[in-house]
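Remarks on the structure that follows.
Bear in mind that the values here come from a model prediction, so they are computed numbers and not experimental data. So you know, we letter chains A, B, ... as the sequences are listed, proteins then strands, and number each from 1.
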There are 2 protein chains.
Amino acid sequence: MVFFKEQAVTSSDKTYFQLREEIVEGAIPAGAKLSEVELSTKYEVSRAVIREAINRLEACNIVERKANVGARVVTLTEDGLLELYQIREALEGMAARLAAQNMPEAEIYELSSLLEGQQDEVRQSHTYYQEAGDLDFHYRIIVGSKNQQLITMLSNGIYHLARMYRVQLGMTGPRVTTAYDEHKHIVRAISNRDGELAEILMRRHIQYSKNNIAVKLTKMK
Amino acid sequence: MVFFKEQAVTSSDKTYFQLREEIVEGAIPAGAKLSEVELSTKYEVSRAVIREAINRLEACNIVERKANVGARVVTLTEDGLLELYQIREALEGMAARLAAQNMPEAEIYELSSLLEGQQDEVRQSHTYYQEAGDLDFHYRIIVGSKNQQLITMLSNGIYHLARMYRVQLGMTGPRVTTAYDEHKHIVRAISNRDGELAEILMRRHIQYSKNNIAVKLTKMK
DNA sequence: AACCAATAAATTGTCGACAATCTAGATATC
DNA sequence: GATATCTAGATTGTCGACAATTTATTGGTT
């Protein structure tokens, strides 16, 4: 399910989307060098469009580039993950508070019934939330904040990085049902127009996610 | 005083910095079209480097680009300003809290003595804080947070936008001495390692700035 | 054998030209 | 006179080639 459409009009757009997906989903691993000529032959486009795509990836903090040397996929450190989730906590906590103020009733209802509809699915298969469901939920609340700069900031940069972490660290599994309940509580707070509570719950929700990943990280060492 | 150096190694870098300055400082006004050929003759570089510079400006939300049409300098709305300062409040509030945890004593001392040194200057000329002083203060606290992602996020994008607002709205003047005192209180909280208080004071400080600008805005209408 | 210098190969940065797309003006039609 | 269509101009998107810089290789010296 694609809930925020990035439509590629130009060739650079398509290349950028493809490259980003390959990196975020791990097909191009962390630390890999992005050779312009290699990629231009692979995607059958000019080096100019490859360069433009790489520039955009650099702006998203997905690749690092050194002048006259080249671009490499960023290697994600444990500290970097902590930093990223600190930012998410601040920004999405604010988003939840603003959503409680600004989100139209119709959007709240839509989000609420979306969660309701997934209730049975969650109870049965326990496979609900690792992916699209969680992302969808968070994105709808960001949009509900009605802060345009916040929306672009998160959907252009931070989310892709966060997903990249989860993929690279093999985070596909657990923490399913509790996250679902947390989501429900957040929606209820927004529905009650209780911004303060919504922020607290959202921050806590993101902290749980962070701790969950951090635990897995320490186990791997 | 330049306290965080962006050194331009390539020609695109230089063009990007120049273009950004001209836009942020108002030489190129809001809503202006950025013609690639025009700029390439003006700066005496190829269209390729102009395109790269424009792409970077787009990533900073300084220009908006439509495919096959062109790029225009963003026109700043009152709502946009509100949104921007909401984000600053969340992020820099967090930065202050983190700085109270992570900022080395040496950096705190340096910042503190910097403020002390400006005390007389403030009392006399009342011209202290409209520019570099304020920016320097905020940047040092961001750096003190030791959150690298936060540092790049703010210094690459948000600060330039915030400055652009102030320039376009003719915010050069007042709110000098009170801001100075606010800064001193924030530093004291950081020095005492009181993260909670530091965050509260920083948020309040940014709210004051926002209100100050918002008032001027309504007067202009 | 280890280290340094000079050269060769490869990669990125920049350029000018062509192709694709959009915008404006003129012409035609109702 | 207003609207729609077509054409001409201008602008952006894409391409391949050349220049500048970095990296790897070779050769020489201690």
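- Spacing between atom CG of B:N68 and atom P of C:dA19 amounts to 17 Å, rounded to whole angstrom units.
- Taking five base pairs at each end of the helix from C:dA1-D:dT30 to C:dC30-D:dG1 and finding the rotation axis that steps the C1' atoms of four pairs onto the next four gives two axes whose angle is 10°, to the nearest 10°.
- Note on B:K33: every side-chain N or O is 4.0 Å or more away from OP1 and OP2 of C:dC22.
- Electrostatic pairing of B:E6 and B:K14 does not count as a salt bridge here, judged by no charged N lying under 4.0 Å from a carboxylate O.
- B:L34 comes within 4.0 angstrom of sugar-phosphate atoms only, judged by non-hydrogen atoms across all strands, and of no base.
- Between B:A96 and B:M202, the shortest heavy-atom distance links the atoms CB-CB, 3.8 Å.
- Using cut-offs of 30° and 60° on the angle between ring planes, the pair A:H183 and A:H138 is perpendicular.
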Exercise for the section: Show the numbers, then the answer: is there a side-chain hydrogen bond (donor to acceptor under 3.5 Å, both in side chains) between B:N61 and A:Q149? Expected result: CA-CA 9 Å; B:N61 293 73; A:Q149 311 222 22; 5.3 Å; no
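- Side-chain atoms of A:E89 and A:Q207 form a donor-acceptor pair, as typed in the model, at a separation below 3.5 Å.
- Rounded to a whole Å, the CD atom of A:E38 is 9 Å from the P atom of C:dT11.
- Under a cut-off of 6.0 angstrom, the local environment of CD in B:E21 is sparse, with at most 12 non-hydrogen atoms contributed by other residues, nucleotides or ligands.
- Geometric assessment of A:R88 against the ring of A:Y85 yields a positive cation-pi assignment under the 6.0 Å and 45° thresholds.
- From the 5' end on, the contacts that DNA chain D makes with chain A at under 4.0 Å to a non-hydrogen atom open and close at D:dG13 to D:dT23.
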